[in-house]
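Beneath this line is the structure, given in structure tokens, with notes to follow.
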Amino acid sequence: MCEPVGQINLSKYAPRQIFVRNARPMADHPLDTHGFALTRHVSAVTDFRDEEQIDRVYVSEMERLVQEQTGADKLIPFAWMMRSSSP
């Protein structure tokens, strides 16, 4: 299982106004010119709160997906973080 390394938070938080847009109309734009890509993926993970399942299944799924999308020869995943809106 991935363990967080040195959980030191040096971030400064402040309220900011941001605009959230739907990126789906840009889904056909290439990764190398826009810095992001949208693609569909159906995961075999059945519980995204299960860290063991994420380590065992999801990390390797994402490795393969990113390799397919970018053509990378090798991918080295590291330090994933589970995020949640729950307390």
Side-chain angles (χ1 to χ4, degrees):
M1 181 169 20
C2 293
E3 293 294 328
V5 177
Q7 289 196 14
I8 298 172
N9 186 348
L10 301 175
S11 301
K12 294 181 181 178
Y13 299 98
R16 300 196 190 273
Q17 183 176 10
I18 62 165
F19 297 97
V20 177
R21 294 181 178 93
N22 181 358
R24 288 177 185 88
M26 298 175 58
D28 293 334
H29 289 49
L31 174 65
D32 59 349
T33 58
H34 284 72
F36 75 95
L38 295 177
T39 187
R40 292 199 179 273
H41 172 73
V42 177
S43 177
V45 173
T46 57
D47 182 0
F48 278 96
R49 292 167 296 180
D50 181 347
E51 292 183 19
E52 186 276 329
Q53 193 176 157
I54 292 171
D55 276 334
R56 184 173 41 81
V57 178
Y58 194 68
V59 172
S60 60
E61 284 181 347
M62 292 302 100
E63 268 186 83
R64 285 189 301 275
L65 182 63
V66 171
Q67 281 183 303
E68 290 170 7
Q69 294 293 310
T70 64
D73 293 325
K74 183 175 183 175
L75 231 81
I76 302 172
F78 66 95
W80 63 263
M81 180 185 298
M82 187 178 298
R83 292 187 170 101
S84 172
S85 61
S86 63

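As the structure is a computational prediction, the values presented were derived from the model and not from experiment.
No donor-acceptor pair under 3.5 Å is formed between the side chain of E63 and the backbone N or O of I76.
Side-chain heavy atoms closer than 4.5 Å link hydrophobic residues (I, L, V, M, F, W, Y) into clusters, and following such links, possibly through other members, connects M62 to M82.
Annotation: the span from S60 atom OG to I54 atom CD1 amounts to 12.0 Å, rounded to 0.5 Å.
Residues L65 and E68 meet the side-chain proximity criterion, which asks for heavy atoms closer than 4.5 Å.
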Using atom types as modelled, flag every donor-acceptor pair under 3.5 Å from a side chain in residues 35-49 to any protein atom, sequence neighbours excluded.
residue	atom	partner	partner atom	Å
H41	NE2	E61	OE1	3.2
S43	OG	V45	N	3.0
S43	OG	E61	OE1	2.6
T46	OG1	Q53	OE1	3.1
T46	OG1	Q53	NE2	3.3
D47	OD1	R49	N	2.9
D47	OD1	R49	NE	3.3

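Applying the salt bridge (Lys or Arg N to Asp or Glu O under 4.0 Å) rule to R56 yields the partners E52; only residues at least two apart in sequence or on another chain are considered.
Across all their heavy atoms, A72 and L75 have their closest contact at CB-CD1, 3.9 Å.
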